[in-house]
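Down below is the structure, laid out as structure tokens.
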Amino acid sequence: MTNTLIEQEKRGALGIIRMNRPPVNALGYELRSQIAEAHAAFEADPEIAVTVLTATGRVFSGGADITEFNTGRKHPYLTELITMLEEGQKPVVAIVNGIAFGGGFELVLGCDYIYALPGAKFSFPEIKLGNIPGAGGTQKLPRLAGGPKALELILTGKAIPADEAVALGIAETVAADEAAALARLEKAVTDDLPRRRVRDIVMTGSPDELDAVAEGFLRRSRGAPAEKTALEAVRKAYDTPIDEALAWERDTFQILNATPEARAMRHLFFAEREARKIADLPKDTPQRTVSSVGVVGAGTMGRSIAMCFADAGLPVILVEEAQDRLDAALAAIAKTYEASREKGRISAEEASARMALIKGTITLDDLAAVDLAIEAVFESMAVKCSVFAALDKVCKPGAILATNTSTLDVNRIAAATARPEDVIGLHFFSPAHIMKLLEVVRAEKTAPDVIATAMEIGRRLGKHSVLVGVCDGFAGNRMFINFNREAQILIEEGALPWQVDAVMTRWGLAMGPLAVMDLAGLDIGYHIRQARGPQTPYPFTAADRLFEAGRLGQKSGKGWYLYEDGARRGTPDPEVEELIKAVSKEKGITRRAVSDDEILRRCMWQLVNTGYQIVEEGIAQRVSDLDVIFVNGYGFPRTRGGPMCFARETGLEQVARDIIRYHAEIGPHWKPSALLLEQAGIAKGNV
Ligand code: NAI
């Protein structure tokens, strides 16, 4: 016997169907069939005048069961179920009690009337999965809310609450609860509620109004298919007969669903949820309360970390060494909030409320009462250890002591305290109040409740927390350094900076690695390399020479590129080409033409091979976590799903074969990861 996923009730002339498939009433095959059967039964029942569709609990429907996207679907499809509702003799009224997302929203738009309860929320999140609504949403929402507003909602995936849904003409009314909605409906039925199919509403206005809404989205999506198609779809609402438009929308949804972009975005959707799970930490691991935060060091990172917490409503005490630096930091924070206010991102009240949450001090003792202290001082083991020794003395028992180090050994930092179990890495990415990644670095002695709390802190800040272990650069930077190193080797072999950058931007990065170095400043990398001493292979000679020649990047008007008259986009510089050629010559390298394909593979496979090594060593929990890291922390495009997803799309065996060849031809830094070989199905003997 199939499980009952709905509740049915007859109340006077109302036939009520309540979906009951926790957690989110995903519209899988069984739920769809049961709604269809119940609807048919009410249609046939002479005592029933109106069918009511609602749900038990706090969710209406989260939409399609997206596992079906990969496994195939069975009839009745959602489109067919909606058609049944529309073709019936009796009106159908949706009482939307909670979220109605995606297919859930489309089911609602297949009803004659929409009553919202206070917890209702409507949204089309399909764009985040590289798609558009596929069961009537693009044709029906414009008929209720107007084309421009509908297009905006489809392109943003933004959720709108009950009162806004009424204001936009989507919902009829907001009722206090289900009983109130039913009472109102009973009255309407007595007054002989007429049918009103959304599909039959005549569109007003002109499709030309859509271009202004779409423009910014199309630019930012850089040719991704879903955004372009959303515009095309809403246009059809104006000028195409609805049945034809619905058939087109259905087919288009299937086509988009099969694009690599949609596959990549679905992969990320699951990867981001998976990243929250920690294999060896029981679900019921307790958490520590964090309601106040201290940040030590108010430089680039300390400032933006403080803003992260203030943005989430937590009070922050920001500690600097000297009053002038503290004043400069607080002024810079105020300026950032002011700029957000000017751009309309936050209101004046929000700006001052957030600023008021950040208090500055030059006395570390002021952190005595905080629940969490985050250190963001210079990247020096000695400085960090002295700060942690001091925090150990100042902070209350049970406070979490975190470091924002990007490379240093968190075990050694923890050892500077008498409570290493309270110490953890919280590696934010610059600028911390914007970047969506938090690497949570677990050290040898970090307590389970500290790990659980740290993961949750990321979530509270609206970030994706990814758990990693201690090694040089943790997961993200260790991979990224090798990516950059390969770009440098390619330049010594014969590629030019602008060729490397063009390959990477064509692939989907917003900027190539050399342009990024120019933006960050060539002095930054230079000083890090000087502090670490030359490594073998050492391909950063050209970068060092540029720095030594006073070419610091954008800030000095010259770096890998030339930035004339303060331009932000650089142009190729023959002097740089000469300098690079001289470096190749000096190293005895005969320059050759390097193909774009080789550049792409070598840069990307460095990320991938290093990524598999990191998982193999237990530094990251799973391969997909690395995609979450690169998309949220390194600006990799969601439409590619991250470097590991790209490798899988290319074919792991192909990737592994390339790496084996590079290992033989280029050098030991290409030693293939055993885990990669295993997952690619290549036996050890074949290497
Ligand atoms: P920064 O040089 O801009 O800021 C460091 C600040 O710490 C300075 O303002 C300094 O006055 C202050 N400071 C030093 N010792 C102190 C002490 N004992 N008490 C109070 N304040 C003290 O450096 P940045 O870039 O903010 O980096 C800080 C940390 O964050 C480093 O560990 C770095 O590796 C890490 N990090 C940096 C990222 C970046 O993109 N800049 C990204 C992620 C992590």
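Counting convention: from 1, in listed order, for ligands and their atoms alike. Computed from a predicted structure; not experimentally measured.
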Ala487 meets the side-chain contact (heavy atoms from CB on, under 4.5 Å) criterion, sequence neighbours left out, with Val500, Pro513, Cys603
Hits for side-chain contact (heavy atoms from CB on, under 4.5 Å) against Arg325, two or more places apart or cross-chain, chain-then-number order -> Glu320, Glu321, Ala322, Phe378
Rounded to the nearest 0.5 angstrom, the CZ-CG distance for Arg419 and Leu391 is 8.5 Å
Tyr634 and Phe429 aromatic centres sub-6.0 Å: yes
Does Glu274 pair with Lys277 as a salt bridge, N-O distance under 4.0 Å? yes
Distance filter under 4.0 Å, heavy atoms only, around ligand 1 gives Val296, Gly297, Ala298, Gly299, Thr300, Met301, Val319, Glu320, Glu321, Arg325, Ala376, Val377, Phe378, Glu379, Lys384, Val387, Asn404, Thr405, Ser406, His427, Phe428, Ser430
Applying side-chain contact (heavy atoms from CB on, under 4.5 Å) to Asp573 and not counting sequence neighbours gives Arg551, Leu562, Glu575, Val576
